[in-house]
S.K.: 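Sharing a structure, written as structure tokens. Questions coming.
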Amino acid sequence: MSAPRKIFVNLPVSDLDRSKAFFKALGFDFNPQFTDEKAACMVLSEEGFVMLLRREFFETFTKKKICDTTDTTEALLALSCSSREDVDDMVRRAIAAGGTHAMDPTDHGFMYGWSFYDPDGHHWEVIWMDPAAMQN
């Protein structure tokens with residue numbers, strides 16, 4: 001079996017300092033080795049990272065137009081939490097830090113989720129799944 005793959009999700013942001021402050025308010029840290037005036041490496045886990053890139057810098061990595069998140073969803077970014085309470089806590093902190101509500105909470109019994117838009121309009125799904133349900 002090969003080593004676990006790491007993932008680096010790259011997102012354009014209009015104000016890097018605002019984005020860093022927003023995600024710090026949610027409890028995330030940044031890897032200073034990959035953080036400078038053009039980008040910030042947000043650590044999700046040992047295997048998952050989100051690169052917040054100033055829009056102008058992001059544009060150097062693609063030939064396509066960057067989507068306008070005020071009326072378009074480019075992706076649903078899902079983050080797991082260890083409990084339903086953690087889901088609610090993260091979404092409430094996101095709203096308090098300048099995010100906006102995306103969808104209402106959903107409860108499927110074995111899975112619970114709620115979502116928010118960050119200050120740049122990226123859609124974040126925050127979910128909890130019952131570990132017992134995942135074993136079946």
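Position 1 is the first residue of the sequence; numbering continues from there. The basis for the numbers below is simple: all heavy atoms, side chains too, and nothing from hydrogens, waters or symmetry mates. Predicted model, so just to flag it, every value in this text is computed and none were measured.
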S.K.: Are any non-hydrogen side-chain atoms of Arg55 and Ile66 less than 4.5 angstrom apart?
M.R.: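 Yes. Closest side-chain heavy atoms under 4.5 Å.
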
S.K.: Can you list every ring pair (Phe, Tyr, Trp, His ring centres under 6.0 Å) pair that touches residues 54-101, not counting sequence neighbours?
M.R.: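 Checked against ring pair (Phe, Tyr, Trp, His ring centres under 6.0 Å) - neighbours excluded - the pairs reaching residues 54-101 are Phe57-Phe61, His101-Trp114.
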
S.K.: For the pair Thr35 (side chain) and Cys41 (backbone), establish whether a donor and an acceptor sit closer than 3.5 Å, ignoring hydrogens and angles.
M.R.: yes

S.K.: Taking atom types as modelled, find out whether Asp130 and Tyr112 have a side-chain donor-acceptor pair closer than 3.5 angstrom.
M.R.: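 No pair is found: no donor N or O on one side chain lies under 3.5 Å from an acceptor on the other.
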
S.K.: Run the salt-bridge test on Asp88 and Arg84 with the 4.0 Å N-O cut-off and return the result as yes or no.
M.R.: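 The answer is no: the pair does not qualify as a salt bridge.
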
S.K.: State whether a side-chain donor-acceptor pair under 3.5 Å links Asp120 with Ser19.
M.R.: yes

S.K.: For Val13 and Asp15, run side chain to side chain contact (heavy atoms under 4.5 Å, CB included): C-alpha distance rounded to whole Å, both residues' side-chain angles, the deciding distance at 0.1 Å, then the answer.
M.R.: CA-CA 6 Å; Val13 299; Asp15 183 331; over 6 Å; no

S.K.: Which residue is it: Met51, His122, Glu56? I am looking for the one with a side-chain contact (heavy atoms from CB on, under 4.5 Å) to Pro12.
M.R.: His122

S.K.: Within the side chain of Thr73, is there an N or O that forms a donor-acceptor pair under 3.5 Å with the backbone of Ala75?
M.R.: no

S.K.: Run the side-chain donor-acceptor check on residues 23-34: report pairs under 3.5 Å with partners two or more places apart or on a different chain.
M.R.:
unit_1	atom_1	unit_2	atom_2	d
Asn31	OD1	Gln33	N	2.8

S.K.: Ignoring hydrogens and geometry, is there a side-chain-to-backbone donor-acceptor pair from Lys20 to Ala40 under 3.5 Å?
M.R.: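 Side chain of Lys20 to backbone of Ala40: no pair is present.
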
S.K.: Calculate, to the nearest 0.5 Å, the distance between atoms CG and CG belonging to Leu77 and Leu11 respectively.
M.R.: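 Atom-to-atom, Leu77:CG and Leu11:CG are 5.5 Å apart.
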
S.K.: State yes or no: do Met129 and Val87 share one hydrophobic cluster built from I, L, V, M, F, W and Y residues joined by side-chain heavy-atom distances below 4.5 Å, directly or via other members?
M.R.: no

S.K.: Decide whether Asp68 and Thr72 meet the rule of one side-chain donor and one side-chain acceptor closer than 3.5 Å.
M.R.: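 There is no such pair (donor and acceptor under 3.5 Å, judged by atom type) between the side chains of Asp68 and Thr72.
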
S.K.: Once the angle between the rings of Phe49 and Phe8 is folded into 0 to 90°, is it parallel (under 30°), tilted (30 to 60°) or perpendicular (over 60°)?
M.R.: parallel

